[in-house]
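Structure record follows, encoded as structure tokens.
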Amino acid sequence: MSTTFHTEPQGAGLGQRLNWLRAGVLGANDGIVSVAAVAVGVAGATTDLGPIITASSAALVGGAISMALGEYVSVSSQRDTERALIEKEKRELAEMPEQELAELAELYREKGLSEETALKVAEELTAHDALGAHLDIELGIDPDDLTSPWQAALSSAIAFTLGALLPFLAIVLPPAEWRVPTTFVAVLIALALTGTISARLGGAGKRRAVTRLVVGGALALAVTWALGLLLGTSVA
Ligand SMILES: [Zn+2]
């Protein structure tokens, strides 16, 4: 059992928030590109609004569910691993408390504390919350703060949907001859924006991140649009 009032170190909290933000931006990019590619492909084949709306909505819903599923599976297996590690640590603490105390002291010595201080720190932490102390320094796990698979699934589905709404509206709202150009422009501007955000989050070079995304997005749209044109004239 650990006490309920533990204050999270600010670095870890910030890192986690950045991870969420990064995952959100990636999900939004996915929604933007995949739904735009479907929308532009169908718009290349037909000027009928019906099939365009049907295909784009299906791409939006299917994509959001697929994102949620992928995230659920990956976070679940991560949690299984963390649970197994927590159980193992609990067992070791119960079966060989002496070695575990020595191990904890050693880890603090490696961090730069003197032998005496490291032992004192290890003893005090063990008396306070032995499991929490071991999980923290050995594995970087906070057992009270594990990511929920449902939460991760829901947030990536929301991020995908928010991204997907942009090409959906861009293809549905304008008059027929403006659908594809509007979608191209809206998507490329949106990708430049998300590219800038993720570059800022990752501390990477902004221009390269933006170029990769915009070129990749333009390529996806050009290919599916050409495919739509081709199939539209050959099939119809
Ligand atoms: Zn341990």
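Start at 1 and go down the list; that is how both ligands and their atoms are numbered. What you see is a predicted model; the values in this text were computed from it and never measured.
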Study note, to complete from the structure: Taking every heavy atom of Ile32 against every heavy atom of Pro167, the minimum-distance pair comes out as O-CG, 3.5 Å
Exercise for review: Can you see which heavy atom on Val38 is nearest to which on Ala59, and at what distance?
Suggested key: CG2-CB, 3.8 Å
Check your understanding: So, are Glu92 and Lys88 salt-bridged, with charged N and O less than 4.0 Å apart?
Key ->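 Judged by the 4.0 Å cut-off on N to carboxylate O distance, Glu92 and Lys88 do form a salt bridge.
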Check your understanding: Salt bridge between Glu106 and Arg109, side-chain N to carboxylate O under 4.0 Å?
Key ->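 Looking at Glu106 and Arg109, the cut-off is met.
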**Study point:** Lys120 vs Glu123, salt bridge (charged side-chain N to carboxylate O under 4.0 Å, His left out): CA-CA, chis, key distance, verdict
**Key:** CA-CA 5 Å; Lys120 193 160 191 317; Glu123 280 169 349; over 6 Å; no
What atom name does the N, O or S atom of [X] nearest to the Zn ion (ligand 1) carry?
| X | answer |
| --- | --- |
| Glu100 | OE1 |
| Glu138 | OE2 |
| His134 | ND1 |

Practice item. Using the Zn ion (ligand 1) as the apex, give the angle to atoms OE1 (Glu103) and OE2 (Glu89), rounded to 10 degrees. Key: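 Vertex the Zn ion (ligand 1), arms to OE1 of Glu103 and OE2 of Glu89: 160°.
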Point to revise | Heteroatom test (N, O or S) for Glu92 near the Zn ion (ligand 1), limit 2.8 Å | key: no
